[in-house]
Amino acid sequence: MKFTPETYKIADKPMMPFIDADEIWKFINNTISTKERVKEIITKSLSKKRLSLEEVAVLINATNPESIQEIKSGAKQLKDNIYGNRIVLFAPLYIGNKCSNNCTYCGFRATNQKAIRKTLNESEIIQEIEALEENGQKRLILVYGEHAQYSPEYIAETVKTAYSVKKGNGEIRRVNINAAPMEIEGFRTVKESGIGTFQVFQETYNQEAYKSYHLSGKKTDYNYRLTSLDRAQEAGLDDVGIGALFGLYDWRFEVLGLVRHTNHLEACYNVGPHTISFPRIKDASSLNFGDKYFVSDEDFAKLIAILRLAVPYTGLILTAREPEKLRNEIIQYGISQIDGGTKIELGSYSKNEENNNLDKGQFKINDDRSLSEIIDELLEQDMMPSFCTSCYRRGRTGEHFMEFSVPGFIKRFCSPNAILTLAEYIEDYAKEKTAVKGWEVIEKNILKLDDEKMILSVREKISKIKNGQRDLYY
Ligand code: SAM
Ligand code: SF4
């Protein structure tokens, strides 16, 4: 196998970059996809066995409509069998958009003179968090540009502020981060502030393409970014999220890159990424971006179903970059987390402003439904909106692996916790119509637990919630 000659040191151990573009292209170009093989591979995934890169390439290369439909149905079946009908909800909170990089696809890039720069101060962060809590949010992802001001210490402070705000019955119980890669010490500092997942998206796994989009600043270093989550692991931060920005390069290459990255983390640290994200490029301030690698809705749905089958125990995140109709369709193919009530212009939650000024945000979002509208829609589709934050607070890490592999895990933890967090939401924030539908969905899901003791225990906890207790979980 041919690697680039550089080696990187992670905690004094040399490490080879683990993405080999020639190898990935060989899989894409030399793998033959037949209807029979596609069926075999879907069956293998449904029996909880991991897929090899070659098998993922077979799914990628499937072009006949029948096979594509089977891939989508397989992903749906896998999601239904393994995860059930829960969807975890969160909201992004942009803390600061100063940036010293020049990523040609991003509205925050240093050379964009039109960008309106802002960093929330402590009281603005508090106001934003209060507004988010008043809507019922419990899980946030804090987002930052890459700038000297946003040091690990600064990020850790903002995380602590987020956890400290309590408005009514509201509180933030899990703060995830999307920020620039750090040194090991920096990851340690941020971990100590109590974060959940640290996300770093590679943007594109193709090194040549990467160079052409990242024109200046620290982010020009492909390998430093690629190895960032290895440094997080060395710092003891084992809850990490990876992602690729679709539209920068051939989507087939990126899917294999994401799977290769997952395999690397699993092989080296015994725990894969907690989540995978697959943003598609959206319009942004002063953006003039070609569409050479544009990913159609059809390919987007297909690639998400393939990822579901390829890495069954990793969470998949679909954001409000995508429009409502597409989100409602794609959610079925194995999405486990979505954002709701999203506002990405800095400071806009507390001012209740619309997202309509591209110069104030990073890109255009296409689903601006409120959290309550999203919850209504999920309930209509008989899904269980969940604000659960139990696993990481109970120290059950590698949770998605557990959900997948420990028999009864979902019925013992995930479903009851989803029910309890929805019950809290209904009590504290839901409109009457939502409450009626919500209790119906809760009742149906209680019966599905089919364990008398657990059913009794959940019912007891629900009465406690109705009597004013909060934050009850397994
Ligand atoms: N500045 C940090 C960094 O670059 O790692 C934080 C990331 S940024 C605030 C979050 C992600 O948004 C990026 O990693 C990128 O994948 C995505 N993004 C950037 N520009 C975008 C656009 N025009 N449309 C959709 N997503 C975009
Ligand atoms: Fe800065 Fe991140 Fe945007 Fe690049 S993607 S310009 S690093 S905020």
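One-based numbering, in listed order, for ligands and for the atoms of each. Only heavy atoms go into these numbers, but all of them, side chains included; no hydrogens, no water, no symmetry mates.
The two residues Arg393 and Tyr473 come nearest to each other via the heavy atoms NH1-CE2, 3.5 Å.
The ligand atoms of ligand 2 that sit less than 4.0 angstrom from a heavy atom of Lys219 are 2 (Fe), 4 (Fe), 5 (S), 7 (S). Below 4.0 Å from some heavy atom of Lys282 lie the following atoms of ligand 1, by number and element: 22 (C), 23 (N), 24 (N), 25 (C). For ligand 1 and Ile281, the ligand atoms under 4.0 Å from any heavy atom of the residue are 24 (N), 25 (C). When each atom of ligand 1 is checked for a heavy atom of Phe201 under 4.0 Å away, the hits are 11 (C), 14 (O), 16 (O). Annotation for ligand 1: atoms under 4.0 Å from non-hydrogen atoms of Val143 are 9 (C). Per-residue contacts place Gly145 under 4.0 angstrom from the following atoms of ligand 2 (heavy atoms of the residue considered): 8 (S). For ligand 1 and Arg280, the ligand atoms under 4.0 Å from any heavy atom of the residue are 24 (N), 25 (C). Set against the non-hydrogen atoms of Phe363, the atoms of ligand 1 under 4.0 Å away are 21 (C), 22 (C), 23 (N), 24 (N), 25 (C), 26 (N), 27 (C). If you number the atoms of ligand 1 from 1 as listed, the ones under 4.0 Å from a heavy atom of Cys106 come out as 20 (N). Remark: ligand 1 atoms within the under-4.0 Å shell around heavy atoms of Lys219 are 3 (C), 4 (O).
Considering backbone and side-chain atoms together, Glu203 places an N or O closer than 3.5 Å to an N or O of ligand 1.
Note on ring orientation: taking the six-membered ring where Trp is involved, the planes of Tyr105 and Phe289 are perpendicular (angle over 60°, cut-offs 30° and 60°). Using cut-offs of 30° and 60° for the angle between ring planes, the His147 and Tyr150 rings count as tilted. Ring geometry for Phe18 against His261 counts as tilted: the plane angle lies between 30° and 60°, on a 0 to 90° scale.
Taking backbone and side chain together, Cys99 holds an N, O or S atom under 2.8 Å from atom 1 (Fe) of ligand 2.
Under a 4.0 Å heavy-atom criterion, Lys364 is not in contact with ligand 1.
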